[in-house]
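Read the structure below first, then the notes.
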Amino acid sequence: MLRAQLRRQAQVGTKSTAEARMQGLVVFSVAGHRLAVRTDEIGGVMPWPGATVVLTSDTPFVTSLVRQDQRCLPVFDLAARFSRIMHENEPLCLIVNHVDGPLAICIDSQVPSLHMVPRSAMHYCVGNDPDIAGTCVAGDEELPIINLTTLGSHRSVQ
Amino acid sequence: MGLRGHRTATASGGQTVRFLVALIGPAHVAFPAHWIRGILTLVEAGPADLLTWGDISYERTDLAGRLTIAPEIPTTDTRIILYSNDQRFRSFMVDGVLGLVDVERMQIQALPPQFRGGERVRLLGFFADTAYIALIANPFWVLELPPPKNVLDAFVLQTPERRGGERDARPRLPSIALEDAVSSSAHVK
């Protein structure tokens with residue numbers, strides 16, 4: 001009995017160790033630019049809610065609000081952040097668990113895919129771009145890992 | 001009260017703020033109504049830089065430009081808003097007037113903290129109607145005055161209950177003339 005319990009615990013331990021060595025990533029694209037983000041940084045994906053209210057903001061890339069369910073969320077223009085232009089007719093809305101509160105990002109209509117990636121396949125590095133944490137290999141692609149939770153918070157405002 | 005263009009956006013009692021909702025370009029901009037002194041057509045306002053109405057002169061300010069919103073080409077819906085706190089007098093053009101709306105204080109939301117620039121000075125926040133989201137212009141910024149803390153508190157119109165004998169010190173709308181002006185100016189887009 002005790003031996004069986006120990007064996008079960010050992011199996012659970014092995015499984016949780018293996019899980020600990022994996023990282024959940026969501027791969028999505030913005031104006032054709034493919035990016036990866038840790039799953040815990042994402043609050044949801046849904047069809048783009050509709051028209052935005054432009055604030056003529058001085059904050060780089062945070063220029064509008066969008067109505068989502070019963071609330072209004074600030075919108076981060078990630079396409080503009082990468083000097084790209086969205087050409088989607090039916091874009092999706094990525095809800096980000098940002099440090100300052102929920103944030104909406106307009107992404108391509110291609111549904112984001114979930115990948116479990118070995119931590120060894122993730123390469124964190126400190127570069128010039130504080131919004132990029134490093135790179136990873138998801139599927140057959142090497143992709144930049146984006147820090148969505150701190151997106152824009154490093155940028156100075158006029 | 002039978003006033004076209006005036007309605008209440010609240011279902012329950014509580015502190016409310018009355019706004020005049022106007023269009024500037026594509027944006028719905030709400031102005032705390034307590035400082036509105038009049039709404040004029042372009043013909044009534046005339047072309048002068050200093051607009052005199054009722055023996056008071058209102059300096060014109062390009063509010064759309066200051067908000068960096070491209071205004072529409074003037075139409076018959078275009079109006080000139082006279083805005084003042086009795087110390088500073090300004091007039092500005094809007095592309096249309098939707099009407100007066102009473103908004104419960106709790107429905108007024110501050111700008112999310114992700115907005116970190118000058119928009120926090122220009123705008124007090126926003127409220128969501130079923131048909132639109134209205135951005136609340138900071139009335140002190142409109143008049144080019146330094147803003148106090150808790151700006152909106154100065155414009156709260158109603159409280160749910162007052163104790164017996166307590167004097168009502170709440171600000172009042174300047175006159176029924178404002179509602180008459182809105183009534184004749186309001187349109188629905």
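A, B, ... follow the sequence lines: proteins, then strands. Residue 1 opens every chain.
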If you tally heavy-atom pairs under 4.5 Å against chain B, which of H98(A), R71(A), R67(A) wins?
R67(A)
Can you tell which part of V62(A) gets under 4.5 Å to a heavy atom of chain B, answering side chain, backbone, both or neither?
both
Looking only at the aromatic ring of each residue, does the gap between the centers of W35(B) and F140(B) stay below 6.0 angstrom?
yes
Do the side-chain N and O atoms of T16(B) and E104(B) include a donor-acceptor pair separated by under 3.5 angstrom?
no
Parallel under 30°, tilted from 30 to 60°, perpendicular over 60°: which one fits the rings of F92(B) and F31(B)?
tilted
Is a side-chain donor or acceptor of E41(A) paired with a backbone partner of L148(A) at a separation under 3.5 angstrom?
yes
Against chain A, label R120(B) side chain, backbone, both or neither, depending on which of its atoms sit under 4.5 Å from a heavy atom there.
neither
No-hydrogen, no-angle side-chain donor-acceptor test under 3.5 Å, S109(A) and E90(A):
no
Go through the side-chain N and O atoms of E119(B) and T56(A) and say whether any donor and acceptor fall under 3.5 Å apart.
no
So if I take each residue of residues 43-70 of chain B and look for any heavy atom under 4.5 Å from a heavy atom in chain A, which residues do I end up with?
L67(B), T68(B), I69(B)
Region of S64(A) that comes under 4.5 Å of a non-hydrogen atom in chain B:
backbone
Classify the ring geometry of F61(A) against F76(A): parallel below 30°, tilted from 30° to 60°, perpendicular beyond 60°.
tilted
Those residues at least two apart in sequence (or on a different chain) that pass salt bridge (Lys or Arg N to Asp or Glu O under 4.0 Å) with R88(B) are none
So, the part of I133(B) with a heavy atom under 4.5 Å from chain A: the answer is both
